[in-house]
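Report on one structure; see the data block that follows.
Since the structure is predicted, the reported quantities are computational estimates derived from the model, not experimental observations. Here, residue 1 is the first one in the sequence, and each next residue gets the next number.
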Amino acid sequence: MSRLRVINLGLPKSGTTTLGQALAASGMKVADWKIHDHQTEIEELRNDFVGRLMYRGYFKKGDPLHFMHEFDAFTEISMIARGFNEWPQTDWGLLSTIIDKHPGAKFLYSSRPPEKLVDSMLRWSNLGKRRLPMYQVPGMPEGYGYEVDELIRWIDGHQRFCRRVFEGTDKFLEYDITDPDAPQQIGEFLGIEIKWWGKANDQAERIAEKLAAGKKP
């Protein structure tokens with residue numbers, strides 16, 4: 001039986017951290033955005049980013065997961081900070097290579113209503129107000145994204161992309177993080193029991209809101 005690998009195609013602030021904690025609590029080894037020191041004995045992986053490692057594996061070894069063989073799930077794979085700007089979830093060449101190299105791979109798309117996702121992006125550090133508009137990201141060239149409607153259009157485009165390229169396959173599940181049935185849907189899709197579900201970044205978002213309003217957290 002082919003090994004189960006889980007790749008989430010969701011955008012930042014779409015519940016990726018919650019998904020990572022849920023899968024970790026359910027027995028999977030999870031890489032969420034970055035490989036932390038305690039997660040690996042491989043020195044070269046420590047503090048590197050999932051998106052960068054996927055592209056390094058794709059171009060250098062012909063396998064996006066080559067350098068992360070010890071991990072079962074990858075819950076936030078994009079990187080837009082510190083001069084890096086990588087979005088593997090928008091790259092069909094990379095995704096199709098994962099499908100070819102890893103027959104047991106399954107793809108999730110963590111989603112939430114676009115208006116709520118934009119609101120969360122705008123309240124999270126400088127992600128929505130500065131980084132997204134200033135970088136040229138797939139589907140939204142540099143200079144766009146300063147307006148809420150532009151961010152919504154970009155999110156809608158990514159959703160359409162995911163739905164179209166995985167249309168008709170049993171390897172793809174889109175779920176709404178606000179749906180109370182989401183953990184059951186994910187568990188049935190992956191064939192595992194989801195042992196925890198919640199809102200992992202709830203406190204961090206409240207602190208970000210207070211800081212944005214000029215209040216002490």
Side-chain angles (χ1 to χ4, degrees), residues 1-11 14-36 38-42 44-46 48-79 86-111 138 158-177 179 181-197 200:
M1 182 177 179
S2 299
R3 178 184 174 186
L4 173 64
R5 310 296 287 281
V6 181
I7 299 92
N8 181 35
L9 309 177
L11 297 170
S14 67
T16 56
T17 303
T18 294
L19 175 63
Q21 292 192 14
L23 295 182
S26 304
M28 306 192 83
K29 187 167 184 179
V30 178
D32 181 61
W33 187 64
K34 183 170 80 169
I35 310 297
H36 299 283
H38 67 275
Q39 290 186 289
T40 182
E41 297 296 325
I42 303 173
E44 293 78 10
L45 296 188
R46 290 177 174 174
D48 210 340
F49 299 94
V50 173
R52 296 188 66 210
L53 291 166
M54 280 191 172
Y55 270 112
R56 190 180 305 159
Y58 178 47
F59 283 108
K60 299 297 185 182
K61 301 294 183 179
D63 178 3
L65 305 185
H66 174 84
F67 294 107
M68 298 182 287
H69 58 84
E70 60 189 304
F71 293 92
D72 305 305
F74 311 89
T75 52
E76 181 163 343
I77 63 177
S78 53
M79 173 58 179
E86 283 136 356
W87 299 81
Q89 66 265 64
T90 69
D91 190 332
W92 178 238
L94 183 147
L95 297 176
S96 62
T97 301
I98 293 177
I99 293 172
D100 292 341
K101 295 286 185 179
H102 303 275
K106 291 191 174 184
F107 297 83
L108 294 170
Y109 177 45
S110 56
S111 69
H158 179 61
Q159 185 179 55
R160 291 171 181 267
F161 166 80
C162 291
R163 289 173 176 173
R164 175 57 64 89
V165 300
F166 286 98
E167 186 176 14
T169 179
D170 60 357
K171 293 181 175 290
F172 175 74
L173 173 70
E174 176 182 349
Y175 69 94
D176 186 332
I177 65 171
D179 186 345
D181 292 330
Q184 180 179 349
Q185 294 170 7
I186 295 167
E188 290 177 353
F189 174 65
L190 300 180
I192 64 174
E193 179 187 357
I194 301 299
K195 298 181 179 180
W196 175 90
W197 193 255

* For the pair Gln39 (side chain) and His36 (backbone), establish whether a donor and an acceptor sit closer than 3.5 Å, ignoring hydrogens and angles. => yes
* Do Arg52 and Glu86 come close enough that some side-chain heavy atom pair is under 4.5 Å? -> yes
* Structure fact -> Scanning both residues in full, the closest heavy-atom pair of Phe189 with Lys106 reads O-NZ, 2.6 Å
* Asked: Is a side-chain donor-acceptor pair under 3.5 Å present for Thr75 with Asn8?
  -> no
* Structure fact -> Taking every heavy atom of Ser110 against every heavy atom of Thr16, the minimum-distance pair comes out as OG-CG2, 4.0 Å
* Short question: side chain of Asp63, backbone of Gly57 - any donor-acceptor pair under 3.5 Å? -> no
* Would you name the heavy atoms of Glu174 and Ser111 that are closest together and state the gap between them? => OE2-OG, 3.8 Å
* To do: Answer yes or no: is there a side-chain heavy-atom contact under 4.5 Å between Tyr109 and Gln89?
  => no
* Asked: Do other residues, nucleotides or ligands put more than 12 heavy atoms under 6.0 Å from the NZ atom of Lys34?
  -> yes
* Asked: Less than 4.5 Å apart, any side-chain heavy atom of Arg5 and any of Ile98?
  -> no
* Any chance you could measure Leu23, atom CG, to Phe74, atom CZ, to the nearest 0.5 Å? => 11.5 Å
* **Considering all heavy atoms, the nearest Phe107-Leu9 contact** => CD2-CD2, 4.0 Å
* To do: Say whether Asp91 and Tyr58, considering side chains only, have a donor N or O and an acceptor N or O under 3.5 Å apart.
  => no
* Less than 4.5 Å apart, any side-chain heavy atom of Leu65 and any of Met54? -> yes
* Between Gly51 and Pro88, what is the shortest heavy-atom contact and its length? -> CA-CG, 3.8 Å
* Pairwise side-chain contact, Gln21 with Thr18, heavy-atom cut-off 4.5 Å (strictly under) -> no
* **Gap between atom CG of Leu108 and atom OG of Ser14 - 0.5 Å precision** => 10.5 Å
* Asked: Counting heavy atoms not belonging to Lys195, are there more than 12 under 6.0 Å from its NZ?
  -> no
* To do: Would you mind reporting whether Leu95 and Val165 have side-chain heavy atoms less than 4.5 Å apart?
  => no
* **More than 12 heavy atoms of other groups within 6.0 Å of Lys61 NZ** => no
* Asked: Is it true that a side-chain atom of Thr169 and a backbone atom of Phe166 form a donor plus acceptor pair closer than 3.5 Å?
  -> no
* Might you work through the side chain to side chain contact (heavy atoms under 4.5 Å, CB included) test for Asp32 and Thr17, ending with a clear yes or no? => CA-CA 7 Å; Asp32 181 61; Thr17 303; 3.8 Å; yes
* Just how far is it from atom CD of Gln159 to atom CZ of Phe161, taken to the nearest 0.5 Å? -> 13.0 Å
* Asked: If you round to the nearest 0.5 Å, how far is CE of Met68 from CD1 of Ile42?
  -> 11.0 Å
* Might you point out which heavy atoms bring Glu76 and Val50 nearest each other, and give the distance in Å? => O-CB, 4.0 Å
* Do Thr40 and Glu70 have side-chain atoms, one donor and one acceptor, less than 3.5 Å apart? -> yes
* **Over 12 foreign heavy atoms within 6.0 Å of CZ, Arg46** => yes
* Asked: From His69 NE2 over to Lys29 NZ, what is the distance, rounded to the nearest 0.5 angstrom?
  -> 9.0 Å
* To do: Apply the test side chain to side chain contact (heavy atoms under 4.5 Å, CB included) to residues Phe67 and Asp48: give CA-CA distance (whole Å), side-chain angles for both, the deciding distance (0.1 Å), then the verdict.
  => CA-CA 11 Å; Phe67 294 107; Asp48 210 340; over 6 Å; no
* Beyond-backbone contact of Leu19 with Tyr175, side-chain heavy atoms, under 4.5 angstrom -> yes
* To do: Side-chain contact test, heavy atoms from C-beta onward, threshold under 4.5 Å: evaluate it for Leu53 versus Met79 and give yes or no.
  => no
* Asked: Roughly how far, to the nearest 0.5 Å, is the NE2 atom of His102 from the NZ atom of Lys171?
  -> 11.5 Å
